[in-house]
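Have a look at the structure below before the remarks.
Note on naming: letters A, B, ... go to the chains in the order of the sequence lines (proteins, then strands), and numbering restarts at 1 for each one.
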Amino acid sequence: MSILLYIAVMAGVTYLVRMIPFTLFRKQIKSRYIRSVLYYLPYAVLSAMTIPAIFYSTGNLTTAAVGTAVAVILAYFNKPLIVVALAAAASAFIAGLIV
Amino acid sequence: MRKDFLKGVSDGLPIGLGYFSVAFGFGIMAVGANISAFFAWLISASNMTSAGQAAGVEVIAAGGTLIEMALTQLVINLRYSLMAFSLTQKLDKSFTTPKRLLVSCCITDEVYAMAVSRKGKISPSYMAGLFFLPFVGWTGGTLAGAFASQLLPEALSDVMGILLYGMFIAIFIPVAKKSRPVLIAVLVAAAISILFRYVLTFVGTGFAIILSAVIASALCGALFPVKEDEEQ
């Protein structure tokens with residue numbers, strides 16, 4: 001099958017899941033409960049995406065655990081996004097040289 | 001709204017840098033699945049999603065059907081619907097339908113997290129600025145990875161996979177440190193996600209993420225309703 005067809009389907013579905021709610025929903029939500037749920041949602045999504053997937057992200061449990069620990073510590077001290085991400089990769093790489 | 005655009009660009013810089021490195025990994029992966037550098041770039045430019053693209057490449061490599069491709073993308077990327085919906089609550093009055101149609105393709109995990117955690121309403125110019133460097137980083141990183149894949153030692157390309165998650169951690173840990181309810185939401189979501197991974201394994205990855213996040217947020221929304229000023 002042509003790869004262009006695959007890419008068209010991929011891109012089309014991915015666009016629609018973003019576009020439909022973003023374009024059609026116009027109202028301000030009044031419910032305090034729904035507003036509260038939406039407040040917690042992004043952090044819960046990121047957490048669910050990260051754990052436990054991060055431990056399988058380098059193909060080696062030990063190096064991934066080292067990278068995760070470094071990322072958590074640096075994030076706790078409010079280091080910038082890119083510093084936390086690169087330090088996680090660098091520490092996982094160094095751990096890979098040792099183990 | 002030049003000022004808004006420039007503010008967006010500067011907020012997008014760390015995301016763009018992170019995306020470059022993460023997309024580098026995607027470029028390597030795509031070439032490994034016999035996809036040319038041009039098509040790898042086209043996938044990145046037209047999708048702007050890490051997990052969805054990785055799964056898409058797997059479907060292409062396995063010669064899967066178009067239905068399978070559509071379903072995979074729908075399930076893995078359905079979280080963007082939640083984010084898009086949540087973001088509609090932050091849009092200022094100048095967001096007309098054509099602008100919404102354009103800006104909707106900018107909603108990625110990090111761009112969303114950055115936009116939603118900003119004080120006050122957001123404008124189309126800010127969103128365009130915020131998306132600019134992540135787009136350049138994501139597409140440029142894909143090309144660089146595709147071309148460099150032959151040159152990079154395996155030990156280095158392996159650890160690239162952790163970059164994306166490192167960015168996620170950098171977004172939610174500082175907030176969880178300051179707010180106990182957010183900390184609880186994060187821990188509950190992680191616990192449910194672990195449950196899906198090891199016990200309820202029949203649930204696919206995309207659904208598992210959505211369910212974990214929705215259950216944790218619904219619980220914390222009931223236990224710890226936020227005050228108006230906290231939301232801003």
Segment of [X] engaging chain A (4.5 angstrom heavy-atom cut-off):
X         : result
Val22(B)  : neither
Met83(B)  : side chain
Val175(B) : side chain
Phe95(B)  : both
Thr108(B) : both
Ala218(B) : both

I'd like to know if the side chain of [X] reaches the main chain of [Y], judged simply by a donor and an acceptor atom lying under 3.5 Å from each other, with no hydrogens or angles considered.
X         : Y         : value
Thr58(A)  : Val159(B) : no
Tyr43(A)  : Ala113(B) : no
Arg32(A)  : Val226(B) : yes
Ser36(A)  : Pro225(B) : no
Tyr165(B) : Met49(A)  : no

Is there a side-chain contact between [X] and [Y], using heavy atoms and a 4.5 Å cut-off?
X         : Y         : value
Phe22(A)  : Leu91(B)  : yes
Thr50(A)  : Phe172(B) : yes
Val84(A)  : Met167(B) : no
Phe168(B) : Val45(A)  : no
Leu41(A)  : Phe85(B)  : no
Pro21(A)  : Thr88(B)  : no
Tyr39(A)  : Gln89(B)  : no
Thr14(A)  : Gln53(B)  : no

Is it the side chain or the backbone of [X] that comes within 4.5 Å of chain B heavy atoms, both, or neither?
X        : value
Leu86(A) : both
Val17(A) : both
Ser91(A) : neither
Tyr56(A) : side chain

Determine the option with the most heavy-atom pairs under 4.5 angstrom with chain A, choosing from [options].
options                                 : result
Leu82(B), Leu74(B), Ile60(B)            : Ile60(B)
Leu17(B), Leu13(B), Leu163(B), Ile15(B) : Leu163(B)
Cys105(B), Ala185(B), Ser212(B)         : Cys105(B)
Cys106(B), Gly166(B), Gly52(B)          : Gly166(B)

Using 0.5 Å steps for rounding, measure from the [atom1] atom of [X] to the [atom2] atom of [Y].
X         : Y         : atom1 : atom2 : value
Ile3(A)   : Ile35(B)  : CD1   : CD1   : 4.5 Å
Ile162(B) : Asn60(A)  : CD1   : CG    : 10.5 Å
Ile173(B) : Lys79(A)  : CD1   : NZ    : 15.0 Å
Arg100(B) : Leu24(A)  : CZ    : CG    : 9.0 Å
Leu81(A)  : Ile169(B) : CG    : CD1   : 11.0 Å
Phe55(A)  : Ile194(B) : CZ    : CD1   : 7.5 Å

Requested in this report: Could you check Leu4(A) against Phe39(B) for side chain to side chain contact (heavy atoms under 4.5 Å, CB included), going step by step and ending with a plain yes or no?
Outcome: CA-CA 8 Å; Leu4(A) 271 174; Phe39(B) 284 124; 3.8 Å; yes

Query raised in the report: Within 45° of the six-membered ring axis of Tyr112(B) and under 6.0 Å from that ring's centre, is NZ or CZ of Arg18(A) located there?
Result: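 No.
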
Which atoms form the tightest heavy-atom contact between [X] and [Y], and what is the distance?
X         : Y        : answer
Ala190(B) : Ile51(A) : CB-CD1, 3.8 Å
Tyr6(A)   : Gly63(B) : OH-C, 3.4 Å
Ser217(B) : Ala44(A) : OG-CB, 3.6 Å

Return the option, out of [options], with the maximum number of heavy-atom pairs under 4.5 Å with chain B.
options                                : result
Ile34(A), Leu46(A), Val72(A)           : Leu46(A)
Ala95(A), Pro52(A), Ala92(A), Gly96(A) : Pro52(A)
Asn78(A), Leu97(A), Ile29(A)           : Ile29(A)
Leu38(A), Leu74(A), Leu16(A)           : Leu38(A)

Report task. Consider only side-chain N and O atoms of Thr97(B) and Arg26(A), and report whether a donor and an acceptor are under 3.5 Å apart. Result ->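 On atom types as modelled, these side chains qualify, holding a pair under 3.5 Å.
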
Requested in this report: Please report the C-alpha distance between Ile43(B) and Met10(A) in whole Å, then the side-chain angles of each, then the deciding distance to 0.1 Å, and finally whether the side chain to side chain contact (heavy atoms under 4.5 Å, CB included) criterion is met.
Outcome: CA-CA 8 Å; Ile43(B) 291 174; Met10(A) 249 176 113; 3.7 Å; yes

